[in-house]
Undergrad: 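Please see the structure below; I have some questions.
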Amino acid sequence: MIIRIEAEADVPIYTQLTNQIIVGIARGEIIPGDSLPSVRAFAADLGVNMHTVNKSYHELEKRGIIKIVPKSGAIISPMEQITSEKQQQILSELKPVLAEALVLGVSKKEVQQLVGTILEEMKER
Amino acid sequence: MSFIIFFIVTLFIAVIQTIIPYLVNRTIVFGVSIPEQYIDSKTLKKYKKHYSISVAFFSVMILGSYVLWVLRNDRLDNQVALTGVIIEFALILISLSFYLYYHGKTKQLKQQNKWVENLKQMKVTDLSVRGQDEMLPWYIYLLPIISTAGLMAYTLMNYDMLPDQIPTHWGPGGEADAFTKKTPISAMQLTLVLLLMQSMFLGIHVATKKSGIKLSATSLQASRNRQLLLRKYSSWLLYIVVLAVTMLMSYFQLMTIHPEIGEGSAKMLIPFGFLVLVLVGTLVFAIKVGRSDKELEMPIEAKIMDHDEDRYWRGGIFYFNKNDPSIFVEKRFGVGWTINFANPLGYFVIFLPLIIIFLIAFL
């Protein structure tokens, strides 16, 4: 899977990294059980600080998306039953983004289409 | 003999220096990164052509004068060698001056035309690229290391057979020309230096393998091709050089123990063969890697470019980037690797063994 980082963007590099890995899993480009590159190799390949990659990996682990196993690296976790707590959290994160789109003048139908195209790129896990 | 060797080496340097602009990474011109959209600029092509013509002209002049100077009179071997070294350095200095001149001009051109403005700077990698890396495994280095250990044991076992004067230096014809008194340490000196060199090469190999595989956002396929070939072929070349050095130095050591194997033409042919092998290997490597990313890429529509890293390159030659954990990165002017001076591990891999070798050689 190709990772593209915008070097001078306002979004910090570790957040871009985290988001792209999540999208990659959703699209099925990387699957549960796959291991991510070592922090050193990943940082060297991208030419970024090792702390950046480390931070992204810890973020992903905190969200339950990968598991960091000492010696064997970062492994993408299998899908688990989603808790209502987690579902609530995703809802509360999604709401302001959609609301902002409506406030800025995107019609409801356009928002639905937008969400639809995004979902089409992704696989059902 | 000296003349032939110096002539070949200088010719080799001249050819490589002349064609470098056409062998470097496609988006780097005289050590300055150029966005993919502008690499076909007429002015840049002119700079490259002028550089090559100038270096070629001076090379022909220098080599021609050297040949005339040697032929006109009977010169002493050490005179020929000394002059040979001087012309090699002169050639390197001349091409370096031309490089610096065009480095400045290219930098200016990039600034004046505002090539970087309005382009989004991207960093890119492929999670699967590590799986495509074809560098040799590190343990293959155990082979020459074990052979050296064997040679050390053999030397100790045959300590009585060694002459009272141990050779420490060999001339271009394979003839020993400097000696030192026989002690257990001086008898082992050559094999010790060999062992250190082998460890240094192993260290370089491991450090290279751990260094980044740098892909380009605008020419993903070409850059992948080049990086993977560079890694594969440089690991082969390094290993061939290790084997050749091992054979050459083992041969010298065995010749000290058994002088009869040094008789005949082998003494002259082995060092000469070593030189030819290394030079031909390097030339093939440089051309193979140099041509690996010159295929036409699809024209890119997106307004993007690779992250501009010019600020990490002093003069386009020395790389200082403390964010990059790589120990080695691809050279900007030339084919091969250069050290990341901001990573202290690199000093450890390169300079520590060199210092120890010098200490052994001079103490």
Side-chain angles (χ1 to χ4, degrees), chain A residues 1-57 59-60 65-68 71-77, chain B residues 33 116-133 135 206-218 220-221 223-224 227-228 231 300 302-313 319-330 340 342-343 345-346:
Chain A
M1 146 189 201
I2 313 283
I3 303 271
R4 288 173 211 275
I5 300 293
E6 234 184 272
E8 321 267 279
D10 295 333
V11 187
I13 293 180
Y14 82 91
T15 312
Q16 296 185 45
L17 215 53
T18 311
N19 290 345
Q20 291 201 23
I21 290 169
I22 297 174
V23 171
I25 300 170
R27 282 186 178 163
E29 286 174 13
I30 36 178
I31 54 172
D34 280 359
S35 56
L36 295 175
S38 74
V39 172
R40 171 178 278 278
F42 207 166
D45 291 351
L46 266 181
V48 300
N49 201 303
M50 288 205 281
H51 295 302
T52 310
V53 176
N54 211 8
K55 209 166 162 184
S56 164
Y57 278 14
E59 177 80 27
L60 286 166
I65 291 163
I66 64 169
K67 205 170 160 66
I68 297 171
K71 295 239 161 162
S72 41
I75 293 164
I76 298 165
S77 305
Chain B
S33 67
V116 185
E117 272 178 36
N118 303 321
L119 291 178
K120 224 188 261 175
Q121 298 193 14
M122 305 290 284
K123 283 171 179 268
V124 66
T125 185
D126 183 347
L127 292 189
S128 59
V129 76
R130 286 267 157 190
Q132 296 159 357
D133 193 14
M135 287 183 77
V206 173
T208 310
K209 207 166 191 171
K210 281 181 186 278
S211 294
I213 306 179
K214 299 278 171 31
L215 299 183
S216 155
T218 46
L220 205 56
Q221 199 45 50
S223 61
R224 183 204 310 261
Q227 280 280 292
L228 292 176
R231 293 169 74 89
I300 38 163
K303 286 193 153 280
I304 57 167
M305 63 175 280
D306 287 312
H307 185 228
D308 194 322
E309 303 203 317
D310 286 1
R311 78 195 92 150
Y312 302 128
W313 289 87
Y319 183 66
F320 291 81
N321 183 356
K322 60 178 186 310
N323 275 330
D324 187 350
S326 300
I327 294 173
F328 296 114
V329 287
E330 187 177 3
N340 178 3
N343 189 337
L345 272 176

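In what follows, chains are A, B, ... by sequence order, proteins preceding strands, each numbered from 1. Because the structure is predicted, anything quoted here is derived from the model rather than measured.
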Undergrad: Need one label for B:V329: side chain, backbone, both or neither, based on atoms under 4.5 Å from any heavy atom in chain A.
TA: neither

Undergrad: Return the OG to CZ distance between A:S35 and B:R130, rounded to the nearest 0.5 Å.
TA: 13.0 Å

Undergrad: Could you check whether any side-chain heavy atom of A:E6 comes within less than 4.5 Å of a side-chain heavy atom of B:M122, counting everything from C-beta outward?
TA: yes

Undergrad: Taking the side chain as C-beta and beyond, is there a heavy-atom pair between A:E29 and B:L127 under 4.5 Å?
TA: no

Undergrad: More than 12 non-hydrogen atoms from neighbouring residues, nucleotides or ligands closer than 6.0 Å to NZ on B:K209, yes or no?
TA: yes

Undergrad: Measuring from atom CD1 of B:I327 to atom CZ of A:R40, what distance do you get when rounded to the nearest 0.5 angstrom?
TA: 6.0 Å

Undergrad: So what's closer than 4.5 Å to chain A heavy atoms on B:K214: side chain, backbone, both or neither?
TA: both

Undergrad: I'd like to check the side chain to side chain contact (heavy atoms under 4.5 Å, CB included) partners of A:L17; sequence neighbours left out, ordered by chain and number.
TA: A:I3, A:I5, A:F42, A:L46, A:V53, A:S56

Undergrad: Closest heavy-atom contact between A:G47 and B:K123?
TA: O-NZ, 2.9 Å

Undergrad: Using the side chain to side chain contact (heavy atoms under 4.5 Å, CB included) criterion, which residues pair with A:D34? Sequence neighbours excluded.
TA: A:I30, A:I31, A:I76

Undergrad: So which heavy atom on A:A44 is nearest to which on B:S211, and how close?
TA: CB-C, 4.1 Å

Undergrad: Measuring from atom CG of B:D324 to atom CG of A:N49, what distance do you get when rounded to the nearest 0.5 angstrom?
TA: 9.5 Å

Undergrad: Find out whether B:V124 and A:I2 are in side-chain contact, i.e. whether some heavy atom of one side chain is under 4.5 Å from a heavy atom of the other.
TA: yes

Undergrad: So, taking the atom named CG in B:L220 and the one named CZ in A:R4, what distance separates them when rounded to the nearest 0.5 Å?
TA: 6.0 Å

